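Model, not experiment: these values are computed from the prediction. Computation of the quantities below employed the complete heavy-atom set of this structure, encompassing side-chain atoms and omitting hydrogens, waters and symmetry-equivalent molecules.
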Amino acid sequence: MSEKINVLYVDDEENNLTAFKSFFRKEYKVFTANSAEKAFEVLEQETIHIIITDQRMPVMSGVEFLEKTIKRYPDAIRLLITGHTDIGLVIEAINNGQITKYIEKPWDWDKLRLILEYSADLY
């Protein structure tokens, strides 16, 4: 793919959105949203190749959000980020949210870069 991969990062913590966008803006076209509602607005307007979401957000969890993207955006690669390790959550994310990777907060920038490269290649 000659054009940049479009990445949507959803997190209710603005500082995480800013840091993520600053770090990856040269390699990817980064879109951010601080809620699932705003993320759906981005998805309606842009072709998103990789969706990354935090698990713990107000109104809708990351897994619930990813679950709702499956039918409308089946080709998107889905990644879940969370600071709370819970094997039940991982299983739910894989089974219901069809995630490709589970990322723990605080993330390691180098590992996250590799995960995004893998996801871009997978797409």
Side-chain angles (χ1 to χ4, degrees):
M1 180 174 256
S2 58
E3 293 183 26
K4 282 187 176 181
I5 291 285
N6 292 345
V7 177
L8 171 60
Y9 178 43
V10 187
D11 195 324
D12 62 323
E13 296 179 42
E14 289 289 337
N15 58 335
N16 288 342
L17 297 174
T18 302
F20 183 91
K21 189 167 192 170
S22 294
F23 196 80
F24 289 111
R25 75 186 187 292
K26 290 182 181 175
E27 293 124 308
Y28 304 98
K29 188 168 182 186
V30 178
F31 298 87
T32 60
N34 63 4
S35 69
E37 180 181 321
K38 289 185 180 174
F40 283 120
E41 290 174 15
V42 172
L43 287 165
E44 287 294 318
Q45 298 171 4
E46 302 291 338
T47 299
I48 300 297
H49 306 114
I50 302 170
I51 302 170
I52 305 171
T53 184
D54 187 33
Q55 169 60 12
R56 293 200 177 212
M57 295 187 298
V59 183
M60 185 181 305
S61 74
V63 171
E64 291 169 330
F65 168 69
L66 291 174
E67 213 174 333
K68 291 180 184 249
T69 67
I70 293 169
K71 283 189 180 177
R72 293 206 63 195
Y73 313 99
D75 296 331
I77 303 298
R78 293 167 187 76
L79 308 172
L80 184 72
I81 292 181
T82 186
H84 306 280
T85 306
D86 173 357
I87 192 64
L89 173 64
V90 175
I91 293 168
E92 179 185 6
I94 292 167
N95 291 341
N96 299 341
Q98 295 183 1
I99 67 160
T100 301
K101 293 281 185 185
Y102 177 88
I103 304 157
E104 288 184 76
K105 274 185 180 179
W107 60 72
D108 173 291
W109 288 105
D110 292 328
K111 285 182 184 176
L112 187 53
R113 181 184 306 279
L114 289 173
I115 290 169
L116 283 175
E117 287 173 8
Y118 168 80
S119 298
D121 288 345
L122 189 61
Y123 183 83

Please round to the nearest 0.5 Å and tell me the distance separating atom [atom1] of [X] and atom [atom2] of [Y].
{"X": "K111", "Y": "L116", "atom1": "NZ", "atom2": "CG", "result": "14.5 Å"}
{"X": "L8", "Y": "I52", "atom1": "CG", "atom2": "CD1", "result": "8.5 Å"}
{"X": "L43", "Y": "K38", "atom1": "CG", "atom2": "NZ", "result": "14.5 Å"}
{"X": "I77", "Y": "L122", "atom1": "CD1", "atom2": "CG", "result": "4.0 Å"}
{"X": "Y9", "Y": "F23", "atom1": "OH", "atom2": "CZ", "result": "13.5 Å"}
{"X": "I115", "Y": "D108", "atom1": "CD1", "atom2": "CG", "result": "9.0 Å"}

Are the side chains of L79 and T100 in touch, meaning some heavy atoms are under 4.5 Å apart?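 They are in side-chain contact.
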
Quick check: do Y28 and E117 have side-chain heavy atoms less than 4.5 Å from each other?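 Of all side-chain heavy-atom pairs linking E117 with Y28, at least one is under 4.5 Å.
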
Should the pair E44-R72 be classified as a salt bridge under the 4.0 Å nitrogen-to-oxygen rule?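 Judged by the 4.0 Å cut-off on N to carboxylate O distance, E44 and R72 do form a salt bridge.
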
Between K105 and D11, does any side-chain N to carboxylate O distance fall below 4.0 Å?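 Salt bridge: yes.
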
N6: which residues meet the side-chain hydrogen bond (donor to acceptor under 3.5 Å, both in side chains) condition with it, sequence neighbours left out?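 Per chain and number, N6 pairs via side-chain hydrogen bond (donor to acceptor under 3.5 Å, both in side chains) with no residue.
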
Show the nearest heavy-atom pair for residues [X] and [Y], with the distance to one decimal.
{"X": "I51", "Y": "A76", "result": "CD1-CB, 3.8 Å"}
{"X": "E14", "Y": "N34", "result": "OE2-ND2, 2.8 Å"}
{"X": "A33", "Y": "A39", "result": "CB-N, 3.5 Å"}
{"X": "K26", "Y": "K4", "result": "O-NZ, 3.1 Å"}
{"X": "A120", "Y": "I50", "result": "N-CD1, 3.7 Å"}

Should the heavy atoms of other residues, nucleotides or ligands under 6.0 Å from CD of E37 be counted, would the total exceed 12?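 No, the 6.0 Å shell around CD holds no more than 12 heavy atoms from other groups.
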
Six-ring centre of Y118, K101 cation under 6.0 angstrom, axis tolerance 45°: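 K101 over Y118 ring: yes.
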
Aromatic rings F24 and F20: how do their planes relate, parallel, tilted or perpendicular, breaks at 30° and 60°?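 The arrangement is tilted - the two ring planes meet at 30° to 60°.
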
For residues F40 and F65, establish whether the separation of their ring centroids is below 6.0 Å.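 Centroid separation for F40 and F65: below 6.0 Å.
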
Donor-acceptor pair between T69 and R78 side chains, under 3.5 angstrom: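 Their side chains do contain a donor-acceptor pair, which is all the 3.5 Å distance test asks for.
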
